[in-house]
Amino acid sequence: MEEKQILEGRQGEVLDSKRAEVSSTSKKLYIESYGCQMNFSDSEVVAAIMSKKGYNTTRNIDDADVVLINTCSIRDNAEKRVRNRLTEFKKKKSDNPDMVVGILGCMAERLKKSLLEQEKLVDLVAGPDAYRDLPNLIDEVGTGQRAVNVLLSRDETYADISPVRLDKGGVSAFVTIMRGCDNMCSFCVVPFTRGRERSRDPQTIVQECTELFNNGYREVTLLGQNVDSYRWNITNKGEIKDPNLPTVNFAQLMEMVAKVSPELRVRFSTSHPKDMTDDVLHAMAKYENLCNYIHLPVQSGNSDVLKRMNRGYSREWYLQRIEAIHKIIPDCAISTDVISGFCGETEAEHKDTLSLMDAVKYDFAYMFKYSERPKTLAERKFEDDIPDEVKSNRLSEIIDKQLKFSLASNQKRIGLVEKVLIEGESKRSNEHMCGRTSRNSMVVFPKGNGKKGQYVNVKITDCTSATLIGKEIN
Ligand code: 5AD
Ligand code: SF4
């Protein structure tokens with residue numbers, strides 16, 4: 001179970017495919033999301049675009065006029081899951097031929113017309129930058145055509161759209177601050193499916209966070225594929241990245257969001273080790289509500305592998321970044337992403353990943369087997385030559401190690417009093433509440449005075465590798 005928790009939840013894994021709220025008006029939209037947090041956030045933008053056209057969301061697929069599936073291409077198994085789901089939708093459509101089935105997100109971008117024309121699995125295909133066009137595409141389907149828009153944009157950020165939150169009464173929300181990625185890590189399909197990097201107007205970000213706070217939310221996670229390269233030109237509104245013009249960078253943006261309210265926790269994902277500045281760390285140290293948690297994907301602990309991955313940093317550079325975090329934010333939790341069995345990875349290179357894990361002692365990690373993706377630099381340049389069994393064995397060694405560090409990290413909190421933002425009842429027991437610490441650890445404790453959305457002090461008395469256990473104190 002713990003293994004599953006660690007393995008699931010990053011890009012490509014089905015989190016908890018969120019289904020939208022029930023409502024009673026005429027046209028109904030059912031939307032399911034897979035993959036990364038960005039997809040969940042995008043589905044909320046899609047719900048907003050569709051609500052303007054009179055669609056309300058439903059949790060019951062059998063009530064839906066339009067069914068949309070927001071997809072992920074990051075690993076092959078993520079695509080397989082979506083294909084299985086599409087086959088199920090196709091069966092539903094045979095009972096209800098008027099139902100429109102559409103595919104959104106990275107698979108839409110990657111597979112374009114083949115899902116429509118060759119495989120005939122869907123009526124509609126919309127890539128990540130084409131969501132404003134969805135109402136038109138649905139109209140086209142209504143006239144008997146199969147509709148597709150997979151144009152990538154250089155400037156679409158959906159900045160003016162106020163997302164419809166799919167978990168009404170929630171505590172924590174995602175806020176997209178930038179889209180796309182210019183990094184070209186050799187294993188990664190994202191630059192092909194999500195296009196060029198562009199940043200969103202900071203005023204609209206602050207406005208969205210303020211509205212969320214006023215609606216009872218107490219935590220925002222600022223999302224981007226590489227948040228450290230967030231950059232907005234004040235004078236020309238972000239269209240031209242001119243280094244001589246006044247800009248808002250990520251550290252400054254974080255301060256702007258931190259000032260919305262000291263009661264609003266701010267998180268972010270994902271940082272890139274080559275770009276993460278000390279300014280970001282100083283901002284985190286300065287504001288209590290900028291949470292003490294950094295997700296800093298390493299991918300591999302060997303500099304040659306990192307070079308083949310085109311990550312733009314070495315093992316030594318990465319370890320210096322970790323040192324900077326410890327120095328500037330002493331109680332900061334750190335998590336990472338690791339890939340096992342990348343092209344040409346030798347046993348010694350794999351051991352370097354294990355030794356880097358020993359050096360860093362991550363609080364948490366998401367760990368994956370390398371999965372070759374079409375069109376990527378790695379697919380074109382290198383052979384996917386590590387046998388699956390070797391990839392799996394190496395992954396097991398990585399997971400075993402991480403479980404020990406996760407447990408040790410949690411054990412260190414026993415006896416401490418943690419400030420916990422309550423997210424609601426525990427999933428496993430209605431006599432317990434659950435919530436997170438600033439360091440992003442999940443805490444479970446018996447119901448006391450604290451309600452959902454409130455901060456309480458919890459004394460930690462016990463733990464597993466995944467959860468802290470405690471009791472509320474005054
Ligand atoms: N194979 C395995 N893992 C991958 N990731 C990205 N692309 C691949 C791939 N082709 C992982 C990386 C990244 C995370 C979101 O997914 O670790 O940080
Ligand atoms: Fe992919 Fe690298 Fe961009 Fe992350 S930074 S989305 S791993 S290309």
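Index from 1, following the sequence. We count ligands from 1, going down the list as the structure has it; atoms in each ligand are counted the same way.
- Contact annotation for C185 and ligand 2: heavy atoms of both the backbone and the side chain come within less than 4.0 Å of the ligand.
- The contact set between ligand 1 and F368, taken as ligand atoms under 4.0 Å from a residue heavy atom, comprises 3 (N), 11 (C), 14 (C), 16 (O), 17 (O).
- The distance criterion of under 3.5 Å between nitrogen or oxygen atoms is not met by V338 with respect to ligand 1.
- Distances below 4.0 Å separate heavy atoms of K369 from the following atoms of ligand 1: 1 (N), 2 (C).
- Distances between N or O atoms of S371 and those of ligand 1 include at least one value under 3.5 Å.
- Contacts with ligand 2 closer than 4.0 Å are made by side-chain heavy atoms of V190 only, the backbone lying farther away.
- Interface atoms of ligand 2 facing H272, defined by a heavy-atom separation under 4.0 Å, are 5 (S).
- Those atoms of ligand 1 with a heavy atom of D337 less than 4.0 angstrom away are 13 (C), 14 (C), 15 (C), 17 (O), 18 (O).
- If you look at P297 next to ligand 2, there are no close heavy atoms at all, none under 4.0 Å.
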Can you give me every donor-acceptor pair (side chain of residues 205-212, partner residue at least two apart or in another chain, under 3.5 Å) with its distance?
| from | atom 1 | to | atom 2 | distance (Å) |
| --- | --- | --- | --- | --- |
| Q207 | NE2 | E211 | OE2 | 3.4 |
| E208 | OE1 | R200 | NH1 | 2.9 |
| E208 | OE1 | R200 | NH2 | 2.7 |
| E208 | OE2 | R165 | NH2 | 2.6 |
| T210 | OG1 | V206 | O | 2.7 |

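- D42 and N70 share no side-chain donor-acceptor pair at under 3.5 Å.
- Between the choices R311, E379, K391, Q299, the shortest heavy-atom distance to atom 12 (C) of ligand 1 belongs to Q299.
- Looking at F250 and I177, their side chains come closer than 4.5 Å, going by heavy atoms from C-beta outward.
- No side-chain donor from either of R428 and T467 sits under 3.5 Å from a side-chain acceptor of the other.
- Within 6.0 Å of the CD atom in E316, the count of heavy atoms belonging to other residues, nucleotides or ligands exceeds 12.
- Side chain to side chain, S409 and K361 fail the donor-acceptor criterion of an N or O pair below 3.5 Å.
- Distances below 4.0 Å separate heavy atoms of R311 from the following atoms of ligand 2: 2 (Fe), 7 (S).
- Considering both main-chain and side-chain atoms, E372 never comes within under 3.5 Å of ligand 1 through any nitrogen or oxygen pair.
- Near Y370, with a cut-off below 4.0 Å to any heavy atom, the atoms of ligand 1 are 1 (N), 2 (C), 10 (N).
- With respect to Q225, the side chain to side chain contact (heavy atoms under 4.5 Å, CB included) criterion is satisfied by exactly one of H272, R194, E197, R179: R194.
- Two residues are said to be in side-chain contact when any heavy atoms from C-beta on lie closer than 4.5 Å; M442 and E423 meet this criterion.
- Of all atoms in ligand 2, numbered sequentially from 1 with element shown, those under 4.0 Å from a heavy atom of P191 are 8 (S).
- In the vicinity of R373, heavy-atom distances shorter than 4.0 Å reach the ligand 1 atoms 10 (N).
- Ion pairing between R321 and D278 holds under the 4.0 Å rule for side-chain N and carboxylate O.
- Between E418 and R439 there is no salt bridge, since no side-chain nitrogen of the basic residue lies less than 4.0 Å from a carboxylate oxygen of the acidic one.
- Short contacts between ligand 2 and C181, defined as distances under 4.0 Å to a heavy atom of the residue, involve ligand atoms 3 (Fe), 5 (S), 6 (S), 8 (S).
- At a heavy-atom distance under 4.0 Å, atoms from both the backbone and the side chain of I74 approach ligand 1.
- A 4.5 Å side-chain heavy-atom check between I328 and H282 finds at least one atom pair inside the cut-off.
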